[in-house]
Amino acid sequence: MKRFFALMLSAAMCLSLAACGGNQAADTSTSGDTQTAESTQSGEKLKVGVCIYKFDDAFMTTYRNALQAQLEEKGYEVTVVDGNNDQAKQTEQINTFITQGVDALIINPVMTSAADSIIASVKQADIPTVIINREPTADQMAAYEKLVYVGCDAAQSGTFQGELILETENKGDINGDGKISYIMIQGDPENIDAKLRTEYSVKALTDAGMTVEQLDLQRGDWDRNKGQEIAQNDLAKFGDQIEVVFCNNDDMAIGALQAIQAAGRTVNEDIYLVGVDALDAALNEVVAGNMTGTVLNDANGQATQAVASMEDLLGGKTFAAGEQSIYVDYVKVTPENAQEYIK
C-alpha cells in the first residue's frame, strides 16, 4: 500500500513540473526580448522583405548593401526588391511580401504620400515594419504601434550645408556685394528631405544675419545628369552672379561640378559647392578641393539602427505615438576631415 501511494505521489510531482515548464516557455515567448533570426517555434529562418525605392540611387545602394549584409550575417532570409521609382510597383511588391507571409518588412517608400496606404496594409497583416530614409508624419505612424521610422533629421543636414558656406573666408559673399547669390538644385520636392534641406540650408544663412538672393531653384530628382544640366544652364544664364551652388545630394553636386569646371569656374575660389551624403566620389572631390564640403548621411549607421529596431519589433516591443522616429546624426564634412570617411 505504501508503495502504491509513493508511485502516485511521484506521478503527481512529474505532472506538476511539466505544467510549470510549459508556463515558463509561454512567458518567454511573449516577452519583449529581441527576436533571433531563427523562429523559436519552427526552427526556420525568419523572412525579411526589403523594399528600396530604386536601386540606381547611389546613396540607397550603399544603404541597401549594408542592410542586406547585416541581416544575412544575423541569419535572416532576406529578399531585397527594386521599386524602380514607381509607387504602384512598390505597392505590389509590399502586397506580395504580405501574401508570402514575411516576418518583418523594411520599406524605403517611393513616395511619402503613399505612407497611409502602406501603413494600413502592414497593420492589417500585423507585420512589424521599419520605414527608412523617407519619413511619414507622426500622425500617419501613430496608426500602427508595430511601426518605427529610422533615418536622419533632414533639417540638420540643410543647416550643416549652410554652415559650411558660413565657415568660408567670405561667408559665401564672394563678390562682396553684401548678399549671397545662389542656385538650389533640389531632389524630389515631394520628398520631405528635399524640402527640409532646401529650406534649412538657406535658413542657416539668414539666421546668421546674411542677405540672400535665390537666382534659381530647379528639380534635379537626385540625379547626376540632371544636376549637371541644371548647373550648366544656370551658369550660362547667370554667369558670375552665382556664388553658391546648393545641391540636395552628392550625385547632383558631382554633376554640378562637371558643369562648373566646363564653364571655367573654380570651386572655393570664385564659386562654392556643397552636397549631402558623403559618397566616396564626393569625399574625393572635397579632399581635392573641388567641393566646398558635404554632409555625411550615415548609411551604415542607419542600417545598423534599422536592423536593431526591426529586432525590437520582432521581440514584441511596440512604439507609442510620438516616439516612433529614431534619428542618426549627420556630420559636417570638410577638407580637414573628409579623408576619415573614405572607405
Side-chain angles (χ1 to χ4, degrees), residues 54 56-61 85 157-158 160-162 164-175 177 179-189 191 193-195 197-199 201-202 204-205 212-297 332-335 338 342:
K54 68 173 183 175
D56 62 357
D57 179 295
F59 173 72
M60 287 311 302
T61 296
N85 205 26
S157 64
F160 283 174
Q161 282 191 305
L164 286 167
I165 300 303
L166 292 170
E167 289 162 8
T168 62
E169 183 179 2
N170 46 36
K171 297 185 177 181
D173 183 14
I174 293 172
N175 60 21
D177 66 354
K179 63 184 177 183
I180 301 171
S181 300
Y182 70 92
I183 65 170
M184 179 72 66
I185 304 179
Q186 191 177 41
D188 174 2
N191 185 301
D193 284 10
K195 292 178 182 178
R197 287 174 188 172
T198 297
E199 176 185 354
S201 56
V202 177
L205 303 180
V212 299
E213 177 187 24
Q214 177 180 288
L215 298 172
D216 194 21
L217 185 156
Q218 290 287 329
R219 171 179 179 157
D221 287 324
W222 315 110
D223 183 77
R224 184 176 302 191
N225 291 331
K226 289 185 179 180
Q228 189 274 338
E229 180 182 350
I230 292 166
Q232 176 180 293
N233 291 339
D234 281 350
L235 286 163
K237 181 177 181 180
F238 299 106
D240 292 344
Q241 292 181 65
I242 302 174
E243 296 170 297
V244 176
V245 179
F246 285 110
C247 297
N248 280 175
N249 78 340
D250 280 344
D251 246 10
M252 295 188 297
I254 292 168
L257 174 61
Q258 294 168 351
I260 288 168
Q261 292 174 331
R265 303 283 292 273
T266 304
V267 174
N268 295 329
E269 290 185 17
D270 59 19
I271 195 168
Y272 294 119
L273 172 65
V274 289
V276 177
D277 284 339
L279 300 178
D280 278 353
L283 291 170
N284 287 326
E285 299 295 358
V286 173
V287 170
N290 296 324
M291 282 181 61
T292 307
T294 185
V295 181
L296 173 66
N297 194 1
K332 268 189 290 187
V333 180
T334 66
I342 297 177

*Asks:* Can you find a pair of side-chain heavy atoms, one from M184 and one from V202, that are under 4.5 Å apart?
*Replies:* yes
*Asks:* Between CD of E213 and CD1 of I242, what distance do you get to the nearest 0.5 Å?
*Replies:* 10.5 Å
*Asks:* Using side-chain heavy atoms (C-beta onward) and a distance below 4.5 Å, is D188 in contact with W222?
*Replies:* yes
*Asks:* Taking ring pair (Phe, Tyr, Trp, His ring centres under 6.0 Å) as the definition, give me every residue that meets it alongside F160, ordered by chain and number, with sequence neighbours left out.
*Replies:* none
*Asks:* If you define the side chain from C-beta out and look only at heavy atoms, does anything of N290 sit under 4.5 Å from Q261?
*Replies:* yes
*Asks:* Are N248 and V276 packed together at the side-chain level, in the sense that at least one heavy-atom pair is separated by less than 4.5 angstrom?
*Replies:* no
*Asks:* From I254 CD1 over to L279 CG, what is the distance, rounded to the nearest 0.5 angstrom?
*Replies:* 6.0 Å
*Asks:* Which distance, rounded to the nearest 0.5 Å, do you find between the CG of L217 and the CD1 of I230?
*Replies:* 9.0 Å
*Asks:* Show, in sequence, the C-alpha distance, side-chain angles and deciding distance for D251 and D223, and conclude whether the side chain to side chain contact (heavy atoms under 4.5 Å, CB included) test is met.
*Replies:* CA-CA 6 Å; D251 246 10; D223 183 77; over 6 Å; no
*Asks:* When rounded to the nearest 0.5 angstrom, what distance separates OG1 in T294 from CD in E285?
*Replies:* 11.5 Å
*Asks:* Please evaluate residues R265 and D240 with respect to the criterion side chain to side chain contact (heavy atoms under 4.5 Å, CB included), reporting the C-alpha separation (whole Å), side-chain torsions for both, the decisive distance (0.1 Å), and the verdict.
*Replies:* CA-CA 9 Å; R265 303 283 292 273; D240 292 344; 3.8 Å; yes
*Asks:* So do E243 and Y272 actually touch side chain to side chain, heavy atoms under 4.5 Å?
*Replies:* no
*Asks:* Side-chain contact test, heavy atoms from C-beta onward, threshold under 4.5 Å: evaluate it for Y182 versus I165 and give yes or no.
*Replies:* no
*Asks:* Exactly one of D250, N268, V245 should register a side chain to side chain contact (heavy atoms under 4.5 Å, CB included) with M291. Which one does?
*Replies:* D250
*Asks:* With side chain to side chain contact (heavy atoms under 4.5 Å, CB included) as the test, would you mind laying out the steps for F59 and N249 before giving the verdict?
*Replies:* CA-CA 9 Å; F59 173 72; N249 78 340; over 6 Å; no
*Asks:* Between CG of D221 and NZ of K226, what distance do you get to the nearest 0.5 Å?
*Replies:* 3.5 Å
